[in-house]
Amino acid sequence: MENFRLYNKLITLPLFVGMSKDELKEIVTQTKFDFLKAESGHIIVREDEKSGQLLLLVSGEIELSSHADDKGYAVYEYLKAPCTLQPERTFGLTQRYSSTVTAMTTCNLICINKSETLRLTDVSLIFRLNLLNTISTALQKQKRPIWASVPQNPEQRIVRFFLSHCIHPAGRKIFKIKMERLAEELNDSRLHISETLNAMATRGLIILSRGKIEIPSIERLTGIVIS
């Protein structure tokens, strides 16, 4: 019964998409999985904490918070299951999480340590391809803005700033940043930035409050910036 429940969880996760029932059943019986349940408000991982494992969110909603190096501003993102938490941080030069992950609701996660991950990439071609595709996609998304056209107006520059600081390009975001700091980041005047943000708020694209910019749905902003 326990294996059956685990099987039903794995088939919803991107890293196991495309596997046959027989392959999934074999993985369930031969792989060591660890399980984590996090209640609302519990910190699952902290920024700069050592990774070295795959964390798979099976159910629930999480908050990802990322900070500038000088802690001058922060970005909060909200994701729902199913998803894999920063798989690119499992290997490579920097094997530490770049964000703090907090449970917003009761969350259930599956943890696969590095040795089990390597074994899975060796025995399962589909798992290996899914993991490579996930990491490659994350890398390509980071590289693409470098070659994008230069924004032509303040609104496009602001949106480019928002998008470039998000790990996941969808859903609700909150930027805790002062107008002065945003103006410095964009090499513009505070007045100019304030006028542009207020115009965006009038159109319902963002919600402004002191030291905070809430974006209900960042998908609505993607058409503003030049691709």
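Just the heavy atoms: all of them, side chains too, but no hydrogens, waters or symmetry mates, feed the values below.
- For the residue pair R157 / T196, no side-chain donor-acceptor distance below 3.5 Å is found, with atom types taken as modelled.
- Side chain to side chain, Q86 and S51 fail the donor-acceptor criterion of an N or O pair below 3.5 Å.
- Side chain of S217 to backbone of G171: no donor-acceptor contact under 3.5 angstrom is found.
- Counting heavy atoms from C-beta outward, T106 and K37 have side chains that approach closer than 4.5 Å.
- For H165 and Y73, the ring centers are positioned less than 6.0 Å apart.
- Hydrophobic clustering, with ILVMFWY side chains joined whenever heavy atoms are under 4.5 angstrom apart, keeps L10 apart from L109.
- Remark: side-chain polar atoms of Q156 are paired, donor with acceptor, to backbone N or O of Q152 under 3.5 angstrom.
- For the pair C111/L54, no side-chain contact is recorded, criterion being any heavy-atom separation below 4.5 Å from C-beta on.
- Grouping the Ile, Leu, Val, Met, Phe, Trp and Tyr side chains by contacts below 4.5 angstrom, directly or via other members, places I112 with V28.
- Proximity of N113 to F33: side-chain heavy atoms (C-beta onward) are nowhere separated by under 4.5 Å.
- Look at R203 and E155 and you find a salt bridge, because one of the NZ, NE, NH1 or NH2 atoms lies within 4.0 Å of a carboxylate O, short of that distance.
- Linking Ile, Leu, Val, Met, Phe, Trp and Tyr residues whenever their side-chain heavy atoms come within less than 4.5 Å leaves I62 and V58 in two separate clusters.
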Criterion side chain to side chain contact (heavy atoms under 4.5 Å, CB included) on L85 and L79, from CA distance to verdict: CA-CA 10 Å; L85 305 182; L79 280 67; 5.5 Å; no
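- A side-chain hydrogen bond (donor to acceptor under 3.5 Å, both in side chains) check over residues 130-139, counting only residues at least two apart or in different chains, returns nothing.
- Counting all heavy atoms, side chain and backbone alike, T117 lies closest to F127 at O-CE2, 3.9 Å.
- The environment of CG in N153 is crowded: more than 12 heavy-atom neighbours from other residues, nucleotides or ligands sit within 6.0 Å.
- Judged by distance alone, the side chain of T222 and the main-chain N or O of E219 form a donor-acceptor pair under 3.5 Å.
- Taking the side chain as every heavy atom from C-beta outward, H67 and E47 approach each other to under 4.5 Å.
- In this structure, the separation between NZ on K32 and CZ on R119 is 12.0 Å, given to the nearest 0.5 Å.
- Side chains of D22 and S20: no donor on one and acceptor on the other come within 3.5 Å.
- Taking the side chain as every heavy atom from C-beta outward, I207 and P216 approach each other to under 4.5 Å.
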Run I44 and L57 through side chain to side chain contact (heavy atoms under 4.5 Å, CB included) and show every step you take. CA-CA 11 Å; I44 299 170; L57 181 65; 5.5 Å; no
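- Looking only at side-chain heavy atoms (C-beta outward), I110 and F35 come within less than 4.5 Å of each other.
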Would Y76 and K173 satisfy side chain to side chain contact (heavy atoms under 4.5 Å, CB included), going step by step from the backbone distance to the final call? CA-CA 6 Å; Y76 297 80; K173 316 290 180 185; over 6 Å; no
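- No side-chain heavy atom of E61 sits less than 4.5 Å from a side-chain heavy atom of C107.
- Expressed to the nearest 0.5 Å, how far CD1 of I177 lies from CD of E184 amounts to 9.0 Å.
- Taking the salt bridge (Lys or Arg N to Asp or Glu O under 4.0 Å) definition, one finds that E214 meets it with R172, sequence neighbours left out.
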Go through it in stages, so that I can follow the logic: the residues are T90 and Q95, the test is side chain to side chain contact (heavy atoms under 4.5 Å, CB included), and I'd like the CA-CA distance, side-chain angles, deciding distance and then a yes or no. CA-CA 6 Å; T90 306; Q95 298 178 27; over 6 Å; no
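- Here CD1 of I213 is found 11.0 Å from CD1 of I174. Values are rounded to the nearest 0.5 Å.
- At distances below 3.5 Å, at least one donor-acceptor pair connects side-chain atoms of T121 with backbone N or O atoms of L118.
- Across every non-hydrogen atom of S98 and I167, the tightest pair is OG-CD1, 4.3 Å.
- With F175 as the partner, the side-chain contact (heavy atoms from CB on, under 4.5 Å) test is satisfied by one option alone out of I158, I215, L182: I215.
- Residues L56 and L15 are in side-chain contact: their nearest non-hydrogen atoms beyond the backbone lie under 4.5 Å apart.
- Between the E49 side chain and the R46 main chain, a donor and an acceptor come within less than 3.5 Å of each other.
- Within the structure, ring-ring contact (aromatic ring centres under 6.0 Å, His included) pairs that include any residue of residues 182-202 do not occur (at least two apart or interchain).
- Not a single donor-acceptor pair under 3.5 Å links the side chain of R190 to the backbone N or O of M179.
- To the nearest 0.5 Å, atoms CG (L221) and CZ (R160) are separated by 13.0 Å.
- Considering CD of E63 and OG1 of T100, their distance stands at 9.0 Å, rounded to 0.5 Å.
- Rounding to the nearest 0.5 angstrom, the gap separating the CZ atom in F161 from the SG atom in C166 is 9.5 Å.
- Remark: side-chain polar atoms of E77 are paired, donor with acceptor, to backbone N or O of H168 under 3.5 angstrom.
- Clustering ILVMFWY residues whenever any of their side-chain heavy atoms sit less than 4.5 angstrom apart, transitively, puts I135 in a cluster other than the one holding L132.
- Under the 4.5 Å side-chain contact rule for hydrophobic residues, L13 and V17 do not share a cluster.
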